[in-house]
Amino acid sequence: MDLASLNAQQRAAVEQTEGPVMILAGAGTGKTRVITFRIAHLIAKGVPPDKILAVTFTNKAAKEMRERLGQMRLRAAKGDPQPTICTFHSLGARLLRQHAERLGYKRNFVIYNESEQISALKKVMSQLSSKAKLPDPAEVAPLISRHKNGAAWTALARHGTISALAKSLLGKYQSALRACNAMDFDDLLALSLQLLREHEDVLADCRGRFQYVMVDEYQDTNAAQFELVRLLTARHQNLCVVGDDDQSIYGWRGAEISNLLDMEKHFPKVKVVKLEQNYRSTNTILQAANAVIRHNAQRRAKQLWSQKGEGRRIVLRVFPSDEEEAQAVARRIEVARVGHRVPWGRHAVLFRTNQQARALETALRAARIRYHLIGGQSYFDRREVKDFLAYLKLFVNPHDDISLLRVANVPARGLSDATMERLLAESHASHGSVFSAMRLAQERGLFQTRTRDCLAAFMRLVESERAKLHSTPVPGFSLRAWAEGWLQDIGYWDDLRRGEKDAEAAEHRVRNLKDLISMLDGPELEGETPASRLISFLEQVSLDREREEDEEAGDAVTLITMHSCKGLEFPHVFIVGLEHGLLPHTRSIEENTLEEERRLFYVAITRAQQTLDISYCLARMKYGQLAPSHPSAFLQELPEALVDREDAKSKKPLSPQEARQWFAQMKGGLEPSSPGTAG
DNA sequence: ATTTGGTCCATTTTT
DNA sequence: TGGACCAAAT
Ligand SMILES: Nc1ncnc2c1ncn2[C@@H]1O[C@H](COP(=O)(O)OP(=O)(O)OP(=O)(O)O)[C@@H](O)[C@H]1O
């Protein structure tokens, strides 16, 4: 294994293969690279690859690490054992799939996403015969979530009565999920923990299996993840964690910086490695990042230096509206492409909230610039996608009430809300699923004949599609063809088209769904039988919401939130919407988490390799109307000497009154003079 | 039972 | 702005 392309500290971390190691270092110092090399080094030293576990923060990071490792291990053959490189949640899913029966689940359990979690909770709450009006399930779910991620109820008590309610509902909620043979996202951690705690043989197995454990982005692990790591490594202590306390940005979902900072307490024999050379950014960018993060009181100070020279200064711009801000970004990207031959793919636009992507998408489309939008609930939250997945889950398990209730009357087939309500009540009375209640209704002759016929037809559909899944010895059976078949039969396509006024929007939905369906025949799906391949598909789309990058080769600008950009790097970065209420976000101001917001800004800045453009707007579209906006206080933390303030020549920010005048002029169709000189 | 058209309302971040 | 929810018409 050639370690020549590492610096001395990095090499030390790679070669320290035994016992606990912590790398605590700033952005861009090669922490992730060390993990990758460490895996390769372990393998080169003769450690069987499948004894190695590396946990990453995102599926994307896992995939990247696998690819880099593949390039480094040139001698590895196709069938060779591979190290396990995945997220905590994927690891949990694998573990639980193997041992589901130990926890009273069946192996073919499905994973519920946030909206299914809320539906399940709603169902449980509706059974509560409480006089007091109950809170929105969407308010309760996050607390259950936090609890499963390791937060004690006492720690959640500040959320008032809701946390008490959450606590009292937890048992029923879990029963409801189990009845559906479903786990929610947090169960992948919580139940994995339960599995390892209650079943010593499984724990022993895992400890033997994963003799070398590495965790990236350790500053953003929560209590449950920490406990998982602790259980796995308590014996052999071969654990290498890497992180940067300044990049902890997931406190809102239970991340504990102390997991990283208290490493010496948890693993007294830990070897601490510090990395100080940044290989990513120019010194201008680094200095700006350092200047900003210095304003945080709670942090470990770090040295950071770079050999990349000073580079261009940071440019700060102001715009009258978010629309114009987006257009300006598009213009800059085109200027760079035409004038300096910079491909689109070298640019990223970073923002605080997914909503902000809208204006950018519009502007980029108008300028005919290709882009890809990372994350954003968009795709898997589309109605047609949810419907389709619910159908699949229903075919896997007819007793999955949540999925059944979603699609029972989609498209409309005579099973109205009233009918389903009644069936639901029947199911409670008979302690069975809604599907069983349907059968009972048939036998007992409940409902009108017409409704009974509808029920019978629906049950026939479910049973016959299930039969096709489970008893198809046909070689070359195509899940895609199968799915398109029943979607056609039930008239889903027509319903989809009919429900949309705009024909283009309808076709868009159809195409969306077809894209997803085509993944059903994907080569990565594991399993011999159609049913097991379907489970594999469902698991894949549940765990990795990121849409398969269509044409990886295509040159495109990246649009991404500041949260999702952690760990990535781009030659040219635009950070947009640096406004009070957005960054820091209003909610964070209310919740007193300013330092985390500042870390978010720090993460965003440190993604840039060569150039950084920051902007804010004087007004932005809010509820369909332009509302005034003010520059973020964080902007003042950028050293003047590093920043070119373009446009805002004078430099004095507009007063709210001047800003209003400026909008009035714009609305009136007058050509306004430039901001800053106005008034 | 289903569709329609209206009103009201929101607003972080993600595995 | 547009999505979610609800009441009245088909
Ligand atoms: N020794 C080295 N020589 C050359 N390039 C390096 C070296 N170490 C790291 N790099 C490069 O520096 C960049 C940042 O590395 P990496 O992503 O591993 O850093 P990181 O510490 O994980 O960053 P972050 O904390 O921001 O996620 C990458 O492009 C990587 O290839």
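This is a predicted model, so every value here is computed, not measured. Reminder, nothing fancy here: chain letters follow the sequence lines and each chain counts from 1.
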Derivation of the salt bridge (Lys or Arg N to Asp or Glu O under 4.0 Å) call for A:D495 and A:R498:
CA-CA 5 Å; A:D495 194 59; A:R498 199 160 41 78; 3.0 Å; yes
Show me, range against range, the stems involving DNA chain B, built from at least 3 consecutive Watson-Crick or G-U pairs below 3.5 Å.
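Only these stems qualify: B:1-10 with C:1-10.
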Taking C:dA4 as the reference, what is the distance to B:dT13 when you measure between their P atoms (whole Å, please)?
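So the two P atoms sit 15 Å from each other.
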Round to the nearest Å and state the distance from [X] atom [atom1] to [N] atom [atom2].
X: A:K122; N: C:dC5; atom1: NZ; atom2: C1'; answer: 10 Å
X: A:D220; N: B:dT13; atom1: CG; atom2: P; answer: 16 Å
X: A:F601; N: B:dT13; atom1: CZ; atom2: P; answer: 19 Å
X: A:L95; N: B:dT15; atom1: CG; atom2: P; answer: 21 Å
X: A:R545; N: B:dT15; atom1: CZ; atom2: C1'; answer: 9 Å
X: A:Q625; N: B:dC9; atom1: CD; atom2: P; answer: 16 Å
X: A:Q356; N: C:dT1; atom1: CD; atom2: C1'; answer: 16 Å
X: A:Y218; N: B:dT15; atom1: OH; atom2: P; answer: 20 Å

Test ring-ring contact (aromatic ring centres under 6.0 Å, His included) applied to A:H99 - qualifying residues, sequence neighbours left out
none
Just jot down the ring-ring contact (aromatic ring centres under 6.0 Å, His included) partners of A:W493, sequence neighbours excluded, or say none.
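Listed in chain order: nothing, the list is empty.
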Closer to the 5' end of DNA chain B via nearest nucleotide, is it A:H585 or A:T419?
A:T419
How do A:T451 and A:L543 order along DNA chain B: which one's closest nucleotide is nearer the 5' end?
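Closest to the 5' end, via its nearest nucleotide, is A:T451.
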Any side-chain N or O of [X] under 4.0 Å from OP1/OP2 of [N]?
X: A:S564; N: B:dT14; value: yes
X: A:N354; N: B:dT14; value: yes
X: A:N59; N: B:dT15; value: no
X: A:S90; N: B:dT15; value: no

Backbone N/O of A:D245 and side chain of A:S248: donor-acceptor pair under 3.5 Å
no
Kindly state whether the ring of A:Y250 and the ring of A:H563 have centres lying under 6.0 angstrom apart.
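Yes - the distance between ring centres of A:Y250 and A:H563 falls below the 6.0 Å cut-off.
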Just jot down the side chain to side chain donor-acceptor pair (under 3.5 Å) partners of A:R607, sequence neighbours excluded, or say none.
A:Q247
Could you pull out all residues at least two apart from A:T606 that satisfy side chain to side chain donor-acceptor pair (under 3.5 Å)?
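Here no residue qualifies.
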By the 4.0 Å heavy-atom rule, please label [X] as base, sugar-phosphate, or nothing.
X: A:F57; result: sugar-phosphate
X: A:Q355; result: base
X: A:E591; result: base

Centroid under 5.5 Å and tilt under 30°, A:Y250 to B:dT14
no
What heavy-atom pair brings A:I293 and A:R299 nearest, and what distance separates the two atoms?
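So the minimum-distance heavy-atom pair works out to O-CD, 3.3 Å.
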Could you work out which one of C:dG2, B:dT15, B:dT13 sits closest to the side chain of A:T353?
B:dT13
Value for CG (A:L360) from CD (A:E323), rounded to nearest 0.5 Å, stands at 11.5 Å
Pull out every protein N or O sitting under 3.5 Å from an N or O of nucleotides 2-4 of chain B, one pair per line with the distance.
unit_1, atom_1, unit_2, atom_2, d
B:dT2, OP1, A:G414, N, 2.6
B:dT2, OP2, A:N409, ND2, 3.1

Between A:N296 and A:D246, is the side-chain hydrogen bond (donor to acceptor under 3.5 Å, both in side chains) condition met? List the steps.
CA-CA 9 Å; A:N296 274 4; A:D246 290 330; 5.4 Å; no
